[in-house]
Amino acid sequence: MKASKRDLLRKLDSYNLTEFQKLVLKETLNIEKGEVLTYKQLAERIGHGKAYRAVGSALKINPLAPMIPCHRVIRSDGTLGNYSGTGGSRRKRELLASENAIAS
DNA sequence: ACCGTATCAACTA
DNA sequence: TAGTTGATACGGT
């Protein structure tokens with residue numbers, strides 16, 4: 001464990017992110033292993049609710065891509081949506097299959 | 001299944 | 001300030 005969640009939060013504050021972005025990223029870090037939220041659910045969690053679009057934009061700028069469980073955020077349709085990390089949606093699918101054992 | 005509209009925040013001209 | 005885009009959501013056709 002080199003990067004504690006608290007350290008990541010501190011780093012986020014150091015980046016040139018807006019309050020909204022930081023809010024979304026922090027909430028994403030708060031997602032536990034085995035927890036999968038939809039963009040809408042995440043938006044509602046931070047109190048914006050209908051800002052699912054802005055939430056997606058926030059995750060895509062995510063400076064700690066591999067450290068933040070952004071792969072645990074999927075679409076309401078049950079599809080994985082997109083992923084800015086290595087391998088794109090393919091990698092995301094494997095991560096979810098490994099952590100949450102999603103149904104293929 | 002496909003298209004249009006709704007809604008929010010950030011980026012660029 | 002205005003216009004466009006985006007890792008979406010939902011309803012109508």
Side-chain angles (χ1 to χ4, degrees):
Chain A
M1 258 330 229
K2 16 196 88 202
S4 305
K5 187 156 63 178
R6 198 169 86 183
D7 286 331
L8 296 179
L9 293 172
R10 190 172 158 182
K11 286 190 176 188
L12 286 176
D13 193 52
S14 204
Y15 284 93
N16 289 330
L17 306 174
T18 63
E19 297 299 306
F20 190 82
Q21 299 291 61
K22 287 193 275 189
L23 188 63
V24 174
L25 292 170
K26 286 176 186 176
E27 197 59 49
T28 306
L29 281 170
N30 204 55
I31 303 177
E32 302 173 47
K33 180 185 174 207
E35 177 97 358
V36 258
L37 302 176
T38 68
Y39 293 100
K40 195 175 191 181
Q41 292 293 310
L42 184 56
E44 290 196 14
R45 233 184 197 198
I46 61 179
H48 282 245
K50 296 192 275 185
Y52 27 77
R53 288 283 200 119
V55 170
S57 294
L59 291 178
K60 98 177 159 185
I61 70 150
N62 149 356
L64 305 169
M67 312 192 196
I68 291 183
C70 49
H71 56 266
R72 293 190 187 138
V73 188
I74 62 176
R75 297 215 326 203
S76 59
D77 301 282
T79 49
L80 305 182
N82 214 324
Y83 187 62
S84 299
T86 313
S89 54
R90 195 184 88 128
R91 176 74 174 176
K92 182 170 180 176
R93 183 172 174 150
E94 297 207 15
L95 285 165
L96 287 170
S98 211
E99 297 176 2
N100 301 300
I102 59 172
S104 59

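Below, chain A is the first sequence line, B the second, and so on; all start at residue 1.
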Any-strand Watson-Crick or G-U partner of C:dC10, both distances under 3.5 Å
B:dG4
Using purine N1 to pyrimidine N3 plus N6-O4 or O6-N4 for Watson-Crick, or N1-O2 and O6-N3 for G-U wobble, each under 3.5 Å, what pairs with B:dT12?
C:dA2
Please check if the number of heavy atoms outside A:N16 that lie under 6.0 Å from its CG is greater than 12.
no
With clusters defined by side-chain heavy atoms of hydrophobic residues (ILVMFWY) lying less than 4.5 Å apart, directly or transitively, does A:V36 cluster with A:I68?
no
Hey, could you give me the [atom1]/[atom2] distance between [X] and [Y], rounded to the nearest 0.5 Å?
X	Y	atom1	atom2	answer
A:K33	A:S98	NZ	OG	8.0 Å
A:I74	A:L42	CD1	CG	12.0 Å
A:L12	A:L64	CG	CG	5.0 Å
A:L59	A:Q21	CG	CD	8.5 Å

Would you mind reading off the distance between [X] atom [atom1] and [N] atom [atom2], rounded to a whole angstrom?
X	N	atom1	atom2	answer
A:Y39	C:dA7	OH	C1'	4 Å
A:N82	C:dT5	CG	C1'	14 Å
A:E27	C:dA7	CD	P	21 Å
A:R75	C:dC10	CZ	P	11 Å

Scan A:K40 against the nucleic acid and name what it touches under 4.0 Å (heavy atoms): base, sugar-phosphate only, or nothing.
sugar-phosphate
Walk along nucleotides 6-13 of chain B from 5' to 3' and tag each nucleotide B, S or - by protein heavy-atom contact under 4.0 Å, base first, then sugar-phosphate.
BBBSS---
Looking only at N and O atoms, is any donor in the side chain of A:S84 or the base of C:dA7 less than 3.5 Å from an acceptor on the other one?
yes
